[in-house]
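First the proteins, then the strands, lettered A, B, ... as listed; each starts at 1.
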Amino acid sequence: MIFKPSSPAAYRLLMEGSAAFADIEEAGIRVDMRHVDRTMRGAGEKIKQIEASLRRDEVYKIWRRVYGEKASLGSGEQLARVIFGNLGVECKERTATGKPKTDAEALEGIDLPFVRKWSMLEKLKKVRNTFLRGTQRLAVRRGDDWFIHPSFNLHLVWTYRSSSSEPNFQNQPVRDKRQAKLIRRAYIPRDGHVLVETDFSSMEFRGCASFWKDSAMVAYASDPKLDIHRDMAGECFLLPVDNVSKDCRAFAKNQFVFPELYGSYYVSMAAGLWTSISRAGLKTKDGVGIYEHLRTKGIRTAKEFEGHIKRVEQKFNERFAHWSRAKDRWWQKYLERGWFPLATGFVCPGIFSYNNLMNTPIQGPSFHCLLWSVIQVNAWLKKNKMRSKIVGQIHDSILADVYEPELQDYLNYVREVMTVKVREHWDWIITPLDVEVDVSDRSWFDKSPWKEENGLWVSA
DNA sequence: CACTGGAGCCAC
DNA sequence: AAACGTGGCTCCAGTG
């Protein structure tokens with residue numbers, strides 16, 4: 001094993017980052033315990049109801065016959081034996097160890113009320129047992145208020161990203177609105193404060209463009225009129241860009257663009273896209289179903305779609321021709337040396353997969369832009385003896401509990417750091433950077449976009 | 001009883 | 001070269 005030291009700057013980033021994270025942990029996030037208790041009780045009642053109705057079902061009678069006293073409603077393995085074994089439902093997918101798959105996607109196609117109810121139950125249990133109960137258990141009292149103090153770690157992730165624990169504040173539900181509402185309403189600003197979240201826009205794609213220095217990628221990441229995810233949605237679904245719906249764009253982003261950049265290939269991506277078209281009920285902006293639309297373009301089967309995505313991938317490689325060649329040189333260089341460097345001064349020695357080599361130099365340094373920003377903003381808040389505090393961090397966003405009289409100053413400064421100062425600090429970032437700003441005087445769930453207008457920040 | 005790994009699912 | 005990456009938490013099932 002060859003060991004190469006990381007740079008002093010990289011060490012300093014982690015040291016100062018850890019100190020800033022310690023301040024964040026000490027500050028903590030205010031919790032509305034009444035909301036948590038109430039929501040816990042509500043979810044608990046609902047869970048009891050669903051469990052009772054499952055136990056009355058004929059399917060559960062079979063379950064009991066098979067498992068007797070060992071019957072456990074929470075066991076996917078037991079469910080699988082009952083529906084695939086006893087009821088003769090066809091098992092289409094298996095896990096790595098050969099057991100029948102019982103995740104939400106595998107169960108979705110099974111048209112049994114019992115199975116649908118079971119899936120619903122599992123989802124609700126996740127909300128209650130992981131998120132609500134975690135927050136309830138870990139909250140501590142200070143005066144009349146409750147706070148959680150999540151840990152933010154810099155020493156656990158080998159790509160030099162961060163992680164969070166006790167509770168993990170970086171995986172609180174947001175995409176599923178119903179779940180998000182149940183959980184995020186629990187996180188509230190201190191009295192006289194508002195919660196402020198500032199996110200880097202498209203940080204990872206910009207980190208990607210900066211790392212590969214592909215001129216077409218840099219153009220996409222720099223020109224606000226260009227949008228790679230929208231354009232690739234157009235190509236994947238054979239739509240003119242003005243008929244690309246929000247959903248289509250999101251699927252192109254998460255099931256084509258990022259997978260492609262991180263080492264997936266057309267067979268996996270076509271399969272994922274094809275099933276998600278029906279799962280998500282994907283439509284064009286005009287409201288036409290994507291399957292129907294593709295049929296008019298001569299694509300009727302999964303196999304035909306795969307052939308199409310193969311051509312889209314070829315075009316993607318031509319569009320970003322420099323990237324397409326540079327990634328193999330990057331991989332070869334690693335094979336020769338046994339280590340690879342990050343733009344932020346870290347060195348990664350050891351045994352890595354090809355996909356690690358594609359992902360780490362982007363994910364790590366992209367996070368470091370956020371980390372550096374956290375350090376600056378935290379130092380500024382302390383130096384000026386402000387009452388506002390950073391209370392959390394989620395890879396490319398900062399959550400702060402801002403004293404209302406300090407709100408304008410805070411927003412001006414945080415934007416300056418995240419868009420200007422970080423680029424002065426690191427010249428490897430060769431695209432512009434933007435932030436999206438959200439504010440709430442009520443809860444983390446209720447945040448809404450803000451913008452700057454004639455020097456004043458206002459609700460957008 | 002403590003511990004471990006698999007499976008599943010939440011985030012970026 | 002292999003088939004998108006990084007985490008944390010909970011429950012189940014098995015082990016000693």
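- Within the structure, every side-chain polar atom (N or O) of A/Thr130 is placed at least 4.0 Å from both OP1 and OP2 of C/dC9.
- For C/dC4, one of the phosphate oxygens OP1 or OP2 lies less than 4.0 angstrom from a side-chain nitrogen or oxygen of A/Ser268.
- Using a 4.0 Å heavy-atom distance criterion, A/Lys123 is classed as a sugar-phosphate-only contact.
- An OP1 or OP2 oxygen of C/dA1 is reached within less than 4.0 angstrom by no side-chain nitrogen or oxygen of A/Trp331.
- Across all strands shown, A/Ser162 has no heavy atoms under 4.0 Å from either base or sugar-phosphate atoms.
- The base of B/dC9 sits within donor-acceptor range of the side chain of A/Lys126, with an N or O pair under 3.5 Å.
- Nearest nucleotide to the A/Ser75 side chain, out of C/dC12, C/dC4, B/dC9: C/dC12.
- A/Arg137 comes within 4.0 angstrom of the backbone, heavy atoms only, and of no base.
- Counting non-hydrogen atoms under 4.0 angstrom, A/Ser397 reaches nothing in the nucleic acid.
- At a threshold of 4.0 angstrom between heavy atoms, the contacts of A/Asp328 include nucleobase atoms, whether or not backbone atoms are also involved.
- When heavy atoms are screened at a 4.0 angstrom cut-off, A/Glu166 is found touching the sugar-phosphate backbone but no base atom.
- Between the P atom of C/dA1 and the CD atom of A/Gln332 lies a distance of 8 Å, rounded to the nearest Å.
- Spacing between atom CZ of A/Phe367 and atom C1' of B/dC12 amounts to 11 Å, rounded to whole angstrom units.
- A/Ser164 comes within 4.0 angstrom of sugar-phosphate atoms only, judged by non-hydrogen atoms across all strands, and of no base.
- Across all strands shown, A/Gly76 has no heavy atoms under 4.0 Å from either base or sugar-phosphate atoms.
- Atom OH in A/Tyr354 sits roughly 13 Å away from atom P in C/dC4 (whole-Å rounding).
- No hydrogens or angles were tested; on distance alone, nothing pairs the side chain of A/Gln170 with the base of C/dG7 as donor and acceptor under 3.5 Å.
- The separation between A/Asn129 atom CG and C/dC9 atom P is 15 Å, rounded to whole Å.
- Contacts of A/Ile362 with the nucleic acid, taken as non-hydrogen atoms under 4.0 Å apart, are absent.
- Spacing between atom CD1 of A/Ile183 and atom C1' of B/dC9 amounts to 13 Å, rounded to whole angstrom units.
- Taking for each of A/Lys99 and A/Asn153 the nucleotide of DNA chain C with the nearest heavy atom, the 5'-most of the two is the partner of A/Asn153.
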ring-ring contact (aromatic ring centres under 6.0 Å, His included) between A/Tyr187 and A/His35, intermediate numbers included
CA-CA 9 Å; A/Tyr187 305 120; A/His35 170 89; 9.0 Å; no

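- If you check every strand for non-hydrogen atoms under 4.0 Å, A/Gln255 touches nothing.
- Within 4.0 Å of A/Arg133, counting heavy atoms only, lie sugar-phosphate atoms of the nucleic acid but no base atom.
- Taking 4.0 angstrom as the limit, A/Ser353 places none of its side-chain polar atoms (N or O) nearer than this to OP1 or OP2 of C/dA2.
- With A/Tyr220 as the aromatic partner, A/Arg319 does not meet the cation-pi criteria of under 6.0 angstrom to the ring centre and within 45 degrees of the ring axis.
- Residue A/Pro150 comes nearest to A/Ser164 through the heavy atom pair CB-OG, 4.0 Å, listed as atom of the first residue, atom of the second, then distance.
- A/Gln179 comes within 4.0 angstrom of the backbone, heavy atoms only, and of no base.
- Within the 4.0 angstrom heavy-atom criterion, base atoms lie near A/Gln363.
- If you check distances only, the side chain of A/Arg161 does reach the base of B/dC12 with a donor-acceptor pair under 3.5 Å.
- Under 4.0 angstrom from either OP1 or OP2 of C/dT6 there lies at least one side-chain N or O belonging to A/Asn356.
- We find that CG of A/Asn171 is positioned 12 Å from C1' of C/dT6, with the value rounded to whole Å.
- Note on A/Val127: nothing from the nucleic acid sits closer than 4.0 angstrom, heavy atoms only.
- For the pair A/Arg128 CZ and C/dC9 P, the interatomic distance rounds to 19 Å; values are reported in whole Å.
- Under 4.0 Å is where a charged nitrogen must lie from a carboxylate oxygen, and between A/Lys315 and A/Glu318 no such pair does.
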Quiz: residues 321-328 of chain A side-chain donor-acceptor pairs under 3.5 angstrom, not counting sequence neighbours:
| residue | atom | partner | partner atom | Å |
| --- | --- | --- | --- | --- |
| A/His322 | NE2 | A/Trp212 | O | 3.1 |
| A/Ser324 | OG | A/Asn317 | OD1 | 3.3 |

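- Note: CZ (A/Phe258) to C1' (C/dT6) measures 13 Å, nearest angstrom.
- A salt bridge links A/Asp446 with A/Arg185; the closest basic N to acidic carboxylate O contact falls under 4.0 Å.
- Residue A/Thr95 has its side chain nearest to B/dG8 when only B/dG8, C/dC12, C/dG8 are considered.
- Closest heavy-atom contact between A/Gln363 and A/Thr159: OE1-OG1, 3.9 Å.
- For C/dC12, neither phosphate oxygen OP1 nor OP2 lies less than 4.0 angstrom from any side-chain nitrogen or oxygen of A/Arg81.
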